[in-house]
Amino acid sequence: MNSIHKHEHCSLNSVQSILILMAVKKVQGILPRQRREAAKQNLRGQILAVSREIIAEEGFPALTMRKLAEKIGYSAASLYLHFRNRDEIASEVSRVGYADLLTALSSATGKARRDDPAARLRALATAYIQFGLENPQTYRLIFLGDTSYLQAVASRPDGDDPATRAYGLLIEVARDLITAGFAPPKGISRRPRAVTPTELAETLWAGMHGIVSLKLTCQQFPTASAEIMTHVMIETLLRGLEASQAG
DNA sequence: CTTGTCAGAACTCGGCTAAT
DNA sequence: ATTAGCCGAGTTCTGACAAG
């Protein structure tokens, strides 16, 4: 017995019957499609979650399609219904990694006084280095691995790009430092000019990245703790900038 | 009947190793 | 030093199956 016949036993007028029929059609037609889509999204999320787990525990090279499939209880072939290839999974995991980094940096700089760029730089550098050391496999994936994943994140059609936003946060701090008078010496060339926020930001990033990557890749060296290195790097840099301002 | 999902088989490729 | 064979990995093809 179909839905129409069921409703014929009720004392309903024709308009009500049509409305109910439409509702039934909606439940039959659209809701299952929504359910399927929800299930698909759910599985996609599960694939990404397990991928992150594998990368966090064993590193990116350990993320194989067969291992991933085994862990989620499907065949390797099924993974290709949800992702174009392994690179697309890696790009998506990278994007989540950048998003986590952005959250850490935003949270740290947000706690510092807005009108104190030196304090914001200290907070940002500390958070960055702490993130790298506490999430070594994620850091390796997004900054020490294949740079094409960064490009993939930056060129997403939906514009969801936490990598560029994190970079923008660093440039913002650099700009505030310059505005506040923390200007590096001009004159590395014959035609002196003021350093740009981008140049200062990239130099700062090189220092922070240097500490994290040395700590992750070289167990014996450096011997100084990351905490000491961060402190010395930032304070030396700030004093240098202040001195250049005075001179 | 159509559509979407799944798994098994097979293909291709790169890295490693033993034999020559 | 070179080559053949093996192995593991990513990917594709194809047919079975279930849901609508």
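Please read these numbers as outputs of a predicted model, since none were measured by experiment. Excluded from the calculations below are hydrogen atoms, water molecules and symmetry mates; all remaining heavy atoms, backbone and side chain alike, are included.
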Find the distance [X]:[atom1] to [N]:[atom2] and express it as a whole number of Å.
X       : N      : atom1 : atom2 : answer
A/Tyr80 : B/dG8  : OH    : C1'   : 15 Å
A/Leu79 : B/dA7  : CG    : P     : 9 Å
A/Met65 : C/dG10 : CE    : P     : 7 Å
A/Arg44 : B/dC6  : CZ    : P     : 14 Å
A/Glu70 : B/dA7  : CD    : P     : 12 Å
A/Glu88 : C/dT11 : CD    : P     : 11 Å
A/Tyr74 : B/dG4  : OH    : C1'   : 13 Å
A/Ile54 : C/dA9  : CD1   : P     : 12 Å

Output field: ring centroids A/Tyr74/A/His82 closer than 6.0 Å: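 Centroid separation for A/Tyr74 and A/His82: 6.0 Å or greater.
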Give a yes/no on whether any side-chain N or O of [X] is located under 4.0 angstrom from OP1 or OP2 of [N].
X       : N     : answer
A/Arg66 : C/dA9 : no
A/Ser78 : B/dT5 : no
A/His82 : B/dC6 : yes

Over all atoms of both residues, closest heavy-atom pair of A/Met65 and A/Leu79: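 Minimum heavy-atom contact is O-CD1, 3.3 Å.
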Separation of A/Thr138 OG1 from A/Tyr98 OH (nearest 0.5 Å): 11.0 Å
Under 3.5 Å side-chain donor-acceptor pair for A/Tyr167 and A/Trp205: no
